[in-house]
Structures are given as C-alpha cells and as structure tokens.
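Everything numeric here is computed off the predicted structure, so don't read it as measured data.
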Amino acid sequence: MTTHSNQAILVLGATGKTGRRLVHTLRAAGRTVRAASRSGEVRFDWSDQDTWPTALEGASAVHLMAPEDPALAPIFVKQATEAGVARFVALSARGIEQLPADSFQGMTAAEQAVRESSAQWTILRPNNFNQNFDDDAVWRAPLRNGRLALPIGSVPEPFIDAQDIADVAAAALTSDGHHGQVYDLSGPRALTFGTAVATISKAAGRPIRYVELTPEEYRAELLAEGVSEEAAVELNVLFAGMRAGHFAEPADGVRRVLGRAPIDFDTYATRAAAAGAWS
C-alpha cells in the first residue's frame, strides 16, 4: 500500500523535535496531515482515550510516538487498525533491546504492538538527537550557562539530526518497501560529548565546557534542577547503555532509506548557533 496524498497521515507527538519536522516535511510534499498532540492542531492525549477516535478519523497511516504507559500501546494500535490504519511507523530508540527490561517500557510495548498488528509496520531506532543540545531544556540551559555535565565518559556517540529522522519517517509512511524493517538511525560519525561541546562552543563563539560526572553526581544535579526521580533513573539507564558502547558505531539506516549521507554534527552546530541557540 502506497499512501496517496489525499489519505490522512496521523502524526503523534506533532509538536516534538521529530514530529514537527515530520509534519512540515509531509505537508511540503503535498500530504494531508493530522498533527496531533496534547497542545497540537488535533488534540491527542494518551491518558484520555476519548481523544483517540477523532485523531484517528480518516487516517490511513500513523507516526507512532510511544506512550509512557506500556499498557496503552496495544489498545491504541488495535483501535487504529479497526479505524482503517494500514501502516505504522514507530519511533523507538537505538539499542533498546540491550537496556534493562524495566526501562523504556512504552517504546518496547509500541514496537511489539505494531509487529503483532495486521498493518504494515516500520520501526525507527535513532541515536541521541543533535537537537537535544538546543531544543531540549535539559541540555540547552546548561550550555547557555557555559557548562554541560553528564556521566558519559569517553565513549563516542553518532548523534543524529531530527530532520534526518523526519525524512526517513516520511519515506516509510508514504512509500512501499519498508514493511517489517527496523532501521537504526545515526549521524555519519561518532564523537565524544567533549568534542560535541567543543564544536558547539566554537560555533557559538564563546566558552562552553564539558564536565564528566559520576552517575550519582548526575542524579543529584538532576534532582536539584527539579527533574523527577523516575526521569533521573531512566536517564542514568540510558547513559549506562551509552557507556557500554551499545550505540557508538554509526548506523546506515539514513543512507539505506534516503540514499544520502546523514547531516553532520558540524553542520548542525553551525546552523543552530546562527539561529541563536546558545546565545
């Protein structure tokens, strides 16, 4: 099934880093998009199932941003297929199968739900986003203050640009040949967080330093900033996986789907600095 331009594509998480870029990309290609989130054009709230039917109305494909509650994913996927959805593209995380089973359960449940559905499905597993440095208060604020402190060590990360994820998602949502595929998505090269911060510092034209923390120090700083205990634990689990090197090698998913190289981190940093990201 190739989705035609008059068939609606439901984009969950439409105000997020990937979602809003995906909405723009699909609309620029002439597609009909239902941009859904708690504060979006179409109201969708995982915790309010009364919002689901309206969001699904007329949709033939769904960009699935997983709920935190793993029990909700199979219920939604079942409702969606009954409403006529014939294709899912689920946004997950790279190396999720190597993380502890009690972490990121919503993503795991969403993967399983689309695999077990009667619809076509594609799963996208990206590395850390470039945009985590400028489009996320957790890292942007410390960078603006001149210091980013994390428990990552010297293991490199092939950061991926959110626009590359959006472009891959758009291709999987609108063209054939992606059913049953799990795409690992990364940038073209791996660099340490220290190198990434130095690149940002140079692009921003001001001193910004990277500081290495222990997991315990990181947890304490997060809690002091008002981050919940649950979120702090999950972030430390993610960083533990990164320190283990599970996601350090660049992946070829972007080139496999789009036939081009991913956006390089230097290009991202230059663009973000020009837009005033760390001013």
Side-chain angles (χ1 to χ4, degrees), residues 16-18 21-22 25 91-99 104 107 122-136 138-140 142-143 147-172 178 181-213 218 235 237-275 277-278:
K17 299 184 194 73
T18 301
R21 290 172 173 85
L22 176 57
T25 298
L91 184 63
S92 187
R94 190 162 177 205
I96 193 168
E97 74 283 3
Q98 293 170 302
L99 296 175
F104 301 96
M107 285 183 179
T122 309
I123 293 168
L124 309 183
R125 291 179 170 178
N127 275 80
N128 262 295
F129 299 1
N130 291 341
Q131 281 71 20
N132 289 347
F133 289 100
D134 75 292
D135 199 5
D136 188 318
V138 176
W139 292 359
R140 184 186 65 224
L143 287 165
R147 171 188 178 272
L148 180 64
L150 298 170
I152 189 56
S154 59
V155 177
E157 172 82 4
F159 302 99
I160 181 160
D161 201 89
Q163 186 60 55
D164 282 335
I165 304 170
D167 288 348
V168 170
H178 305 289
Q181 296 294 316
V182 179
Y183 293 119
D184 283 342
L185 305 176
S186 83
R189 62 192 173 99
L191 57 162
T192 64
F193 271 76
T195 300
V197 171
T199 302
I200 288 169
S201 176
K202 182 179 178 182
R206 61 188 196 78
I208 306 173
R209 64 194 178 101
Y210 173 74
V211 176
E212 179 66 23
L213 299 179
Y218 180 57
L235 282 166
V237 167
L238 182 62
F239 280 114
M242 291 166 64
R243 287 194 303 273
H246 294 323
F247 335 123
E249 287 296 319
D252 65 353
V254 172
R255 186 172 290 280
R256 283 173 60 197
V257 176
L258 303 176
R260 64 163 175 81
I263 295 166
D264 187 75
F265 191 84
D266 285 4
T267 302
Y268 153 75
T270 300
R271 290 174 180 170
W278 305 293

- Non-hydrogen atoms of T199 and A269 that approach each other most closely: CG2-CB, 4.0 Å
- Thinking salt bridges, do D184 and R256 make one under a 4.0 Å N-O criterion? no
- Spacing of OG1 belonging to T195 relative to CD1 belonging to I200, to within rounding of 0.5 Å: 11.0 Å
- Query: Is the side chain of Y183 donor-acceptor paired with the backbone N or O of A169 at a distance under 3.5 Å, no angle test?
  - Reply: no
- Query: Rounded to the nearest 0.5 Å, how far does NZ of K202 lie from OG1 of T270?
  - Reply: 8.5 Å
- Query: Within the distance-only criterion (no hydrogens, no angle test), does the side chain of N127 pair as donor or acceptor with the backbone N or O of G187 below 3.5 angstrom?
  - Reply: no
- Determine whether more than 12 heavy atoms belonging to other residues, nucleotides or ligands lie under 6.0 Å from atom CD of E97. yes
- Item | CA sep, side-chain torsions, deciding dist, call: F133, F159, ring pair (Phe, Tyr, Trp, His ring centres under 6.0 Å) | CA-CA 10 Å; F133 289 100; F159 302 99; 5.2 Å; yes
- Query: Can you tell me if Q131 uses its side chain to pair, donor with acceptor, with the backbone of K17 under 3.5 Å?
  - Reply: no
- Message: How close do S186 and P262 get, counting heavy atoms only, and between which atoms?
- Response: O-CG, 3.4 Å
- Task: Using modelled atom types only, decide if a donor and an acceptor are shared between the side chain of R206 and the backbone of W278 within a distance under 3.5 Å.
- Result: yes
- Query: Does the R125 side chain pair with the main chain of I96, one donor and one acceptor, at a distance under 3.5 Å?
  - Reply: no
- A248 and A190 have their tightest heavy-atom pair at O-CB, 3.3 Å
- Item | Separation between CG of D134 and CZ of R271, rounded to the nearest 0.5 Å | 12.0 Å
- Query: Under the criterion side chain to side chain contact (heavy atoms under 4.5 Å, CB included), which of I208, V211, V197 is the partner of R147?
  - Reply: V211
- Query: Does a side-chain heavy-atom distance below 4.5 Å link V257 with Q181?
  - Reply: no
- Task: Please tell me if the side chains of T192 and Y210 come closer than 4.5 Å, counting only heavy atoms from C-beta onward.
- Result: no
- Query: Checking E157 side chain against M242 main chain: does a donor-acceptor pair fall under 3.5 Å?
  - Reply: no
- Message: So which atom in S92 and which in I123 form the shortest heavy-atom distance, rounded to 0.1 Å?
- Response: CB-CG2, 4.0 Å
- Message: Within the 4.5 Å heavy-atom criterion, are F247 and N128 side-chain neighbours or not?
- Response: no
- Nearest heavy atoms of A172 and H178, plus distance in Å: CA-CD2, 3.6 Å
- Message: Evaluate D164 against R21 for salt bridge (Lys or Arg N to Asp or Glu O under 4.0 Å), listing each step before the verdict.
- Response: CA-CA 9 Å; D164 282 335; R21 290 172 173 85; over 6 Å; no
- When you measure from the side chain of D161 to the backbone N and O of Y268, does any donor-acceptor pair fall under 3.5 Å? no
- Message: For a quick test of reading the model, state the closest non-hydrogen atom pair linking R189 to P250 and the distance between them.
- Response: CA-CG, 4.0 Å
- How long is the span from the CG atom in L213 to the CG atom in L150, to the nearest 0.5 Å? 7.0 Å
- Message: Could you measure the distance from the CG atom of L185 to the CG atom of L124? Nearest 0.5 Å is fine.
- Response: 5.5 Å
- Query: Is there a donor-acceptor contact under 3.5 Å linking the side chains of T25 and Q163?
  - Reply: yes
